Amino acid sequence: MDPRDRSIRDGEPELPPRRAFLARMGGLGAATLAGVVAPPLAPRGPETAEGAGIEAIGDVRRHLQAYQVRQKSALRLLRRPPLPHPDNGDESRYASRLGSYSKCLPHDDHGNVDGPAYGKLLAALASGRKADFEAIPMGGTVKLANPQSARAFDLEGFDSNELALPAPPEFSSAWEASEMAEVYWAALTRDVPFTDYETDASIAQAASDLSGFSDFRGPKEGGSVTPATLFRGDTPEDLVGPYISQFLWRDVPYGPITFAQKYRTAAAGTDYMTSFADCLARQRGGAASGTVFDPTPRYIRNGRDLAEWLHRDFSIQAGVNTALMLLSPAFGPAALDAGNPYLTSLTQGSFVTFGPPHVIDLVARVANAALRAAWYQKWLVHRRVRPEAFGARVHHQVTGVATSPIHSELLSSGALSAVFSAKGTYLLPMAYAEGCPAHPAYPAGHAAFIGACVTVLKAFFKESFVIPAPVVAGADGLSVTPYAGPDLTVGGELNKLAANVALGRDTAGVHWRSDGIEGLNLGEAVAIGVLEDLRGTYTEEFGGFSLTKFDGTTVTV
């Protein structure tokens, strides 16, 4: 007997799943099942002591309907044509792999990855075999972050390997140069309170410098980067109100308690990897010392606070916290999307479907699906270099140690003179002692999962609902005060939350702007795919999930 035909309970043999299913269907073959239309289940009659009226329990029609729901979803995906997965060509363009992620592998004293070791990484990624991954030479004690998961499958929504992203900027491009300048400026201004952006000289210098790049793709006003647009996302309403989303400042109702969003943050002025020896040790996978912390918990009030929050958060934290806020009495039923079928019911309230358990489950469910899609792109398509390694190339170029094809706009940027004046090198000052994570840059994992979480929340809540009693954190982060300004909406603050999480990782020095923007788009696509699959599982009369995408277009799923 095939071991797959054996029950896992007490070792007793049972029918294999397919044969057992066909037996329950009365011997219907696969071809018959594919075309059959199951009749609706008859309503249950009154239950009695004799068990009358429970004929629907175990009815083969329900088994067939469940099969058809899953089959319909699978066929929908099967009919989608495979999409191309373009890369920027850097990996094949440079024999030294200077444009590719190589952290944790052996590197020479100038920071160049060992060629055979990189080849073993590529071989393992191509085969997917554990033995090949175990054969990758490592440069230190830090391990690669789960590259084998790039081949994991999904059972809801799109398969993780199906969604496509545009190619990221090329190493030598003006676009890449502008993104590197932005990351330098974000590092140099980490301690400037967001409330001081309009008056701070370093912020004005950063905005002016970025305005001079020919291909900078961040938001602008009148064709220029301004203190009001600096480091912001390009989602609808992201430029309205404070830099930080209300959902990172408001109190969170967490079951029987409510907690204020004051968090442990890093001490001001504590930057890492500002010597080449330290940078090289991290690139080789050497362990780092711990973060120097500020002893006082604070509301997020500057880039350093945001970067440290994103250093310690878990994947669904921002999404679940926001769901709990939106489900709280402070928002109430009026904040629910008008398409919720239970808003007009005279006899039922939402709970398992279209209620709090449904919302919270979906926010969490789509986050890991988005990470699987991101890991496919990171490891099997792009393998984009991280900013810290690019900064080492800049340092060598300017100091004459080695040359790299870095665009001239970066080399003449005020960001380089500013970082040298502050740190004495041209390396990128990192917010985290260990530098970037042990996986490639593009797309950003944080961006992918928050993009997915936010998309689910847009589907369940009214995006035009005005945020009640908005707040703003003070320059010291010790308190929040009422915000006075244009109305802030649920949709706008969800978009801003997504941008804060995605681009806040740039402020830490571990990502590029395009990592975050395309990560958000990827997460959004993942969530829409899951919502589309689940749409067919509900029995309520429901017109579908309507939401505004990050590009401003509206869709109904």
Side-chain angles (χ1 to χ4, degrees), residues 156-157 235 237 244-261 263 300 309-310 313-343 349-371 446-471 488-502 520 523-524 526-528 530-531 534-535 538 542 545-550 557:
E156 289 179 332
T235 54
E237 298 185 58
I244 293 294
S245 170
Q246 292 296 299
F247 298 118
L248 287 174
W249 274 340
R250 296 175 67 93
D251 291 352
V252 180
Y254 198 79
I257 65 169
T258 297
F259 69 84
Q261 293 202 70
Y263 298 105
I300 296 172
W309 192 87
L310 294 167
D313 68 317
F314 54 89
S315 59
I316 62 173
Q317 186 169 348
V320 169
N321 284 355
T322 301
L324 294 172
M325 286 181 249
L326 290 169
L327 291 165
S328 72
F331 285 80
L336 293 173
D337 186 84
N340 189 309
Y342 289 98
L343 288 178
S350 61
F351 189 64
V352 177
T353 53
F354 300 95
H358 190 183
V359 175
I360 293 168
D361 169 70
L362 265 183
V363 166
R365 192 186 305 189
V366 297
N368 202 46
L371 283 174
H446 269 75
F449 67 63
I450 194 61
C453 293
V454 160
T455 300
V456 165
L457 293 170
K458 289 179 185 178
F460 280 92
F461 294 94
K462 187 182 298 180
E463 294 177 63
S464 62
F465 186 84
V466 175
I467 301 282
V471 297
L488 305 176
T489 65
V490 165
E493 293 302 290
L494 286 175
N495 283 336
K496 191 182 294 179
L497 173 67
N500 288 163
V501 172
L520 292 178
E524 178 182 76
V526 167
I528 288 174
V530 172
L531 290 172
L534 294 180
R535 171 72 180 85
Y538 308 133
F542 174 53
F545 297 106
S546 296
L547 58 98
T548 307
K549 296 174 64 176
F550 290 125
V557 181

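Given the structure is predicted, the values throughout are model-derived calculations rather than measurements.
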Non-hydrogen side-chain atoms of Leu336 and Phe354 separated by less than 4.5 Å: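 Of all side-chain heavy-atom pairs linking Phe354 with Leu336, none is under 4.5 Å.
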Is there a side-chain contact between Leu327 and Pro356 (heavy atoms, below 4.5 Å)?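 Leu327 reaches Pro356 side chain to side chain.
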Tyr263: what forms a ring pair (Phe, Tyr, Trp, His ring centres under 6.0 Å) with it, not counting sequence neighbours? Trp309
Just verifying a value: how many Å separate [X] [atom1] and [Y] [atom2], rounded to the nearest 0.5 Å?
{"X": "His446", "Y": "Asn500", "atom1": "NE2", "atom2": "CG", "value": "12.5 Å"}
{"X": "Ile467", "Y": "Ser245", "atom1": "CD1", "atom2": "OG", "value": "7.0 Å"}
{"X": "Leu547", "Y": "Phe460", "atom1": "CG", "atom2": "CZ", "value": "11.0 Å"}
{"X": "Leu326", "Y": "Asn321", "atom1": "CG", "atom2": "CG", "value": "11.0 Å"}
{"X": "Met325", "Y": "Leu248", "atom1": "CE", "atom2": "CG", "value": "7.0 Å"}

Determine, stepwise, if the pair Tyr342 / Thr353 fulfils side-chain contact (heavy atoms from CB on, under 4.5 Å). CA-CA 9 Å; Tyr342 289 98; Thr353 53; 3.6 Å; yes
Mark yes or no for whether [X], through its side chain, and [Y], through its backbone, hold a donor-acceptor pair below 3.5 Å.
{"X": "Glu156", "Y": "Val530", "result": "no"}
{"X": "Gln246", "Y": "Val471", "result": "yes"}
{"X": "Gln261", "Y": "Arg250", "result": "yes"}

side-chain contact (heavy atoms from CB on, under 4.5 Å) partners for Tyr254, two or more places apart: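 Partners of Tyr254 by the side-chain contact (heavy atoms from CB on, under 4.5 Å) criterion, ordered by chain and then number, come out as Ile257, Phe259, Leu324.
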Check side-chain contact (heavy atoms from CB on, under 4.5 Å) between Ala364 and all other residues, then give those that pass, not counting sequence neighbours.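 Ala364 satisfies side-chain contact (heavy atoms from CB on, under 4.5 Å) with Ile316 once adjacent residues are dropped.
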Identify the heavy atoms of [X] and [Y] that sit nearest to each other, and give their distance.
{"X": "Val501", "Y": "Ala318", "answer": "CG2-CB, 4.4 Å"}
{"X": "Phe331", "Y": "Pro468", "answer": "CE2-CD, 3.7 Å"}
{"X": "Leu520", "Y": "Phe550", "answer": "O-CE1, 3.4 Å"}
{"X": "Leu343", "Y": "Asp337", "answer": "CD1-O, 3.3 Å"}
{"X": "Gly319", "Y": "Cys453", "answer": "CA-CB, 4.1 Å"}
{"X": "Ala370", "Y": "Ala448", "answer": "CB-O, 3.3 Å"}

Hey, does the Lys NZ or Arg CZ of Lys496 hover above the aromatic six-ring of Phe247, less than 6.0 Å from the centre and inside 45° of the axis? no
Tell me which one of Lys549, Glu237, Lys458 satisfies side chain to side chain donor-acceptor pair (under 3.5 Å) with Asn495. Lys458
Evaluate the side-chain contact (heavy atoms from CB on, under 4.5 Å) criterion for residues Leu371 and Ser315: first the C-alpha distance (whole Å), next the side-chain angles of each, then the deciding distance (0.1 Å), finally the verdict. CA-CA 9 Å; Leu371 283 174; Ser315 59; 4.3 Å; yes
Greater than 12 external heavy atoms within 6.0 Å of Tyr538's OH: yes
In this structure, is the centre-to-centre distance between the rings of Phe542 and Phe545 below 6.0 Å? yes
Are His358 and Phe351 close enough that their ring centers fall under 6.0 Å?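 When the ring centroids of His358 and Phe351 are compared, they turn out to be at least 6.0 Å apart.
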For a side-chain contact (heavy atoms from CB on, under 4.5 Å) with Ile528, tell me which candidate from Val366, Val557, Val456 qualifies. Val557
Could you point out which residue of Val490, Leu497, Val359 forms a side-chain contact (heavy atoms from CB on, under 4.5 Å) with Leu457?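 Going through the options one by one, the only one that passes is Val359.
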List the steps and the verdict of side-chain contact (heavy atoms from CB on, under 4.5 Å) for Val466 and Leu488. CA-CA 6 Å; Val466 175; Leu488 305 176; over 6 Å; no
For Glu463 and Thr489, what are the C-alpha separation, side-chain angles and deciding distance, and is it a side-chain hydrogen bond (donor to acceptor under 3.5 Å, both in side chains)? CA-CA 6 Å; Glu463 294 177 63; Thr489 65; over 6 Å; no
